[in-house]
**Student:** 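Please find one structure pasted underneath; my questions will follow.
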Amino acid sequence: MMNTIFSVPVFDATVIYEGNELFKGQGAARMWADKLAKEIETEVGVRKIGTGWVLFGQLDGAEVIWGIHGQRLKRIES
């Protein structure tokens, strides 16, 4: 299942870590975390995983992690 959010492309540089496309820089991840937080009306933070950065937050009582897929935000299943 591919849970994407937004139709705006994520043009920032990315890295691949353990098969997941992640944000290359913390600044870009923080910018998208702020946008996502406004969209889903909950706090979203950033976290370094391996060589890249992901977005994370609580949604419907569960921790959710977002990376990138096809220039869109996508949930990463743990």
Side-chain angles (χ1 to χ4, degrees):
M1 174 164 65
M2 177 121 65
N3 297 309
T4 60
I5 217 166
F6 298 128
S7 58
V8 178
V10 178
F11 287 116
D12 300 284
T14 62
V15 296
I16 304 295
Y17 180 74
E18 294 185 348
N20 293 305
E21 188 175 6
L22 311 177
F23 290 94
K24 185 175 184 178
Q26 182 180 13
R30 169 64 17 222
M31 179 191 71
W32 280 98
D34 292 344
K35 288 181 181 187
L36 179 58
K38 287 178 187 172
E39 181 71 21
I40 64 174
E41 298 177 342
T42 191
E43 189 173 327
V44 178
V46 299
R47 180 182 298 160
K48 185 159 180 86
I49 294 181
T51 58
W53 293 84
V54 296
L55 314 182
F56 74 95
Q58 293 283 324
L59 191 59
D60 297 327
E63 183 174 89
V64 179
I65 298 174
W66 291 272
I68 304 166
H69 179 76
Q71 291 294 301
R72 303 286 186 259
L73 292 179
K74 173 196 154 222
R75 280 187 186 192
I76 296 176
E77 302 299 326
S78 336

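FYI, side chains are in, hydrogens and waters are out, and symmetry mates aren't considered; it's all heavy atoms of this structure. Keep in mind it's a predicted model, so treat the numbers as computed, not measured.
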**Student:** Could you walk me through whether Lys38 and Asp34 pass the salt bridge (charged side-chain N to carboxylate O under 4.0 Å, His left out) check?
**Tutor:** CA-CA 6 Å; Lys38 287 178 187 172; Asp34 292 344; over 6 Å; no
**Student:** Would you name the heavy atoms of Lys74 and His69 that are closest together and state the gap between them?
**Tutor:** CD-CB, 3.3 Å
**Student:** Give the minimum heavy-atom separation between Gly57 and Trp66, together with the two atoms involved.
**Tutor:** N-CZ3, 3.8 Å
**Student:** For Val46 and Leu55, what are the C-alpha separation, side-chain angles and deciding distance, and is it a side-chain contact (heavy atoms from CB on, under 4.5 Å)?
**Tutor:** CA-CA 5 Å; Val46 299; Leu55 314 182; 3.9 Å; yes
**Student:** Between Ile76 and Phe56, is there a side-chain heavy-atom distance shorter than 4.5 Å?
**Tutor:** no
**Student:** Which distance, rounded to the nearest 0.5 Å, do you find between the CE of Met31 and the CZ of Phe23?
**Tutor:** 7.0 Å
**Student:** Using every non-hydrogen atom in the two residues, find where Leu22 and Trp53 come nearest and quote the distance to one decimal.
**Tutor:** CB-O, 3.6 Å
**Student:** Taking side chain as C-beta onward, heavy atoms only, is Thr14 less than 4.5 Å from Lys24?
**Tutor:** no
**Student:** Does Val64 share a hydrophobic cluster with Ile40, counting links as ILVMFWY side-chain heavy atoms below 4.5 Å and allowing steps through other members?
**Tutor:** yes
**Student:** For the residue pair Ala33 and Gly45, what are the closest heavy atoms and their distance?
**Tutor:** CB-O, 4.1 Å
**Student:** State, with a plain yes or no, whether a side-chain heavy atom of Arg75 is found less than 4.5 Å away from one of Leu59.
**Tutor:** yes
